[in-house]
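Proteins get letters first, then strands, A, B, ... in listed order; numbering begins at 1 in each. Given the structure is predicted, the values throughout are model-derived calculations rather than measurements.
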2 protein chains.
Amino acid sequence: MAISKPAVPPRIPCQQCPLRPRPSFRDFTDDELDFVASFKVAETPAEPGMAIMVEGERNPSLYTVMSGWGFRYKILEDGRRQILNYVLPGDMIGLQGNVMKEMQHSVEALTRMTLCTFERERFPQLFRSQPTLAFDITWIAAREESMLDEHLLSVGRRSAYERAAYLLAFLDARAQAAIASHTELRQLPLTQQHVADTLGLSLVHTNKTLRKLMDQGLVRWLDRGCEIIDAAGLYRAAEWRPPKEGARPFI
Amino acid sequence: MAISKPAVPPRIPCQQCPLRPRPSFRDFTDDELDFVASFKVAETPAEPGMAIMVEGERNPSLYTVMSGWGFRYKILEDGRRQILNYVLPGDMIGLQGNVMKEMQHSVEALTRMTLCTFERERFPQLFRSQPTLAFDITWIAAREESMLDEHLLSVGRRSAYERAAYLLAFLDARAQAAIASHTELRQLPLTQQHVADTLGLSLVHTNKTLRKLMDQGLVRWLDRGCEIIDAAGLYRAAEWRPPKEGARPFI
DNA sequence: CGTTTCGTTGAAGTTATTCAAGCCGGGTGG
DNA sequence: CCACCCGGCTTGAATAACTTCAACGAAACG
């Protein structure tokens, strides 16, 4: 009698990836898709609050987010935490570990996530045999840098009110591009503590600042997240325009 | 009579690049060196205060710093400026422009600089024919990201005193690796305004904070820059350790 | 020898942090 | 069912950190 296997979650072949058809991602050739498919070794779920990657780790896995939200962060010895950026569907996690000796930041799941795991060992092969994918990796790294530049400007030079408006507008814009095909509810799955740790503010002050945004009718705070009511108003409050990116690659 | 040409600065062939022998840079194969040499089209000087790159620019040049200091920054409409990072010998400038449509930040020379200019059009060829160099480009982008992460942590979560100590320690460590073969004077060519715009603080508060570092005997302020007296003391004040990187690539 | 750039300082005012509660909804165990 | 607890949000008050304003000194420059 055949031994019944534990239920394996259905593994989606890259060729039928639900993300690819979305307008914000660039089309891949069959050859590229085949390589990516052969590069993928597993599909891993992650629960909210789970550590996906830990600072100091060596040879971490290389992932792409298929669904869900997460965030990258660093902490000082005494526990002060700075959230560096968020990861959304289509984003890579762990690229740094393939390039540096050890991870310089941690990653945690914000919602339930599904991650595509890739084979680290074949990473050099990607550079040898797939120059356009190699270029895409550079593209992805440059995009991350550009987001970090924007955050640094924000944390360094914007007022608390502008900063908060910027962050929510920025996340809304990313969510629109990466997730929402036809806009469902525009809501961001964060607590005010996450916002505080992203903006470099205390929780109390963050709360009072968000209240102002709510009083202006720009956002609403829900159970465990925030709903964007007036995205254009947020843009104005932050003196920010979302960069209009062309179709982006994702591995 | 022959028309006397303007003095052309001697152009250094990449094979005899004064930077390459330094211990912090990785060795290149002859093949790689030949490619880089053929990739280089000019050697450009830049004077202090000169704009090397401007936000919004399309198709900017691609450079590597051969000598001198510069910095990357962004400004808000009302003039508030945030310095994002500094560029030192061996660093690339303008990579973003080869990947995104337009530059998202500006770059300015801090001291007199010499820049090696590369041929943008051959950038795709680099990915096709030189996979290890392509990997190096990704390496460089990942290193920049890692520095930005560190800065964001600093600006978001460290106190003014820690931030200042961190910045000076960080720049000293980079200067040691990139410039000083046998430690000359460990001095950084910045004004207090630059420090303020990097830390996200006002000039006045920066001045008072730097004074504390001076009173502790950690640094000394000179004409138009700062001399590092006690690097280990700065590390301690910032709760920071310089990451020990292996030999790094540079194009 | 005036002008500009850079560093310095005191004082007043604003912004943000810390401390200390309290509220509300959901989940758990008695 | 209710009591309790816990995580997340909210609020007021005291304090600390940081900014702004205003001014001055000193070196560098043309």
Side-chain angles (χ1 to χ4, degrees), chain A residues 47-50 71 76 78-83 108-111 154-165 167-168 187-215 219-227 237, chain B residues 47-50 71 76 78-83 108-112 154-168 187-215 219-227 237:
Chain A
E47 294 302 316
M50 229 180 81
F71 62 94
L76 293 171
D78 61 3
R80 284 174 288 180
R81 178 176 78 170
Q82 178 65 39
I83 294 183
E108 184 177 316
L110 207 45
T111 66
S154 203
V155 174
R157 286 305 185 204
R158 276 192 246 250
S159 69
Y161 183 78
E162 295 167 322
R163 254 185 260 187
L167 175 64
L168 300 180
Q187 58 188 57
L188 316 173
L190 330 137
T191 67
Q192 297 191 352
Q193 185 66 66
H194 292 119
V195 175
D197 286 350
T198 312
L199 302 183
L201 297 172
S202 70
L203 178 58
V204 173
H205 194 59
T206 299
N207 178 279
K208 286 166 184 166
T209 304
L210 288 174
R211 178 134 302 284
K212 287 182 196 162
L213 289 177
M214 294 186 237
D215 293 345
V219 301
R220 211 157 48 121
W221 210 266
L222 310 169
D223 177 24
R224 219 175 160 284
C226 127
E227 183 180 336
Chain B
E47 294 302 317
M50 229 181 80
F71 62 94
L76 292 170
D78 62 2
R80 284 174 287 179
R81 177 175 77 169
Q82 177 65 41
I83 295 183
E108 184 178 316
L110 208 44
T111 66
R112 172 183 281 274
S154 203
V155 174
R157 288 304 186 204
R158 276 192 247 249
S159 70
Y161 183 78
E162 294 167 323
R163 258 185 257 187
Y166 157 72
L167 175 64
L168 300 179
Q187 59 187 58
L188 316 173
L190 328 144
T191 67
Q192 296 191 351
Q193 185 67 65
H194 292 119
V195 175
D197 286 349
T198 312
L199 301 183
L201 297 171
S202 70
L203 179 57
V204 173
H205 194 61
T206 299
N207 177 281
K208 286 167 183 167
T209 304
L210 288 173
R211 179 135 300 285
K212 286 182 197 162
L213 289 176
M214 295 186 237
D215 293 346
V219 301
R220 210 157 50 122
W221 211 265
L222 311 169
D223 176 23
R224 215 177 166 284
C226 130
E227 183 180 336

| remark: Comparing nearest nucleotides in DNA chain D, the 5'-proximal residue of the pair B/Gly200, A/Arg224 is A/Arg224
| message | Output the rounded distance in Å from CG (A/Leu222) to P (C/dG25). | response | 14 Å
| task | Between C/dT9, D/dG12, D/dC9, spot the one nearest the side chain of B/Val204, thanks. | result | C/dT9
| message | Over all strands shown, is A/Thr191 touching base, sugar-phosphate only, or nothing at heavy-atom distances under 4.0 angstrom? | response | sugar-phosphate
| message | Just the rounded figure in Å: distance from P of D/dC18 to CG of B/Leu210. | response | 13 Å
| field | Nearest-neighbour nucleotide for the B/Ala160 side chain, C/dT9, D/dC18, C/dA20 considered | value | D/dC18
| Rounded to whole angstrom units, what separation is found between the NZ atom of B/Lys212 and the P atom of C/dT8? | 15 Å
| request: Check whether any side-chain nitrogen or oxygen of A/Arg211 sits under 4.0 Å from OP1 or OP2 of D/dT10, and answer yes or no. | output: yes
| query | D/dG7 phosphate, OP1 or OP2: any side-chain N/O from A/Gln192 under 4.0 angstrom? | reply | no
| message | Tell me the interatomic distance from A/Arg157, atom CZ, to D/dT19, atom C1', rounded to whole angstroms. | response | 11 Å
| note | Out of D/dC18, D/dC9, C/dG7, minimum distance to the side chain of A/Trp221 belongs to D/dC9
| query | With sugar-phosphate meaning primed atoms plus P, OP1 and OP2, does B/Leu203 contact a base, only sugar-phosphate, or nothing at under 4.0 Å between heavy atoms? | reply | nothing
| task | Output yes when at least one side-chain N/O atom of B/Asn207 is less than 4.0 Å from OP1 or OP2 of C/dT8, else no. | result | yes
| Minimum-distance nucleotide (side-chain atoms of B/His205 versus C/dT9, D/dC18, C/dA16) | D/dC18
| note | Contacts of A/Asp223 and B/Arg158 projected onto DNA chain D by closest heavy atom; the upstream (5') one is A/Asp223
| query | Heavy-atom count around A/Asp215 CG within 6.0 Å, excluding the residue itself: above 12? | reply | yes
| When the distance from CD of A/Gln193 to C1' of C/dT18 is rounded to whole Å, what number comes out? | 14 Å
| task | Rounded to the nearest 0.5 Å, what's the gap from CG on B/Leu213 to CH2 on B/Trp221? Could you check? | result | 9.5 Å
| task | Starting from P on D/dA17, measure out to CG on A/Leu201 and report it in whole angstrom. | result | 16 Å
| task | Kindly determine whether A/His205 and A/Ser202 satisfy side-chain hydrogen bond (donor to acceptor under 3.5 Å, both in side chains), including the steps that lead there. | result | CA-CA 5 Å; A/His205 194 59; A/Ser202 70; 5.7 Å; no
| message | Can you measure B/Lys208 atom NZ to D/dT20 atom P for me and round it to whole angstrom units? | response | 13 Å
| Rounded distance in Å - CG (B/Asp197) to C1' (C/dG7) | 15 Å
| query | Taking atom CG of A/Leu168 and atom CD of A/Glu227, what is their separation to the nearest 0.5 Å? | reply | 12.5 Å
| Check against side-chain contact (heavy atoms from CB on, under 4.5 Å), B/Asp197 and B/Gln82 | CA-CA 5 Å; B/Asp197 286 349; B/Gln82 177 65 41; over 6 Å; no
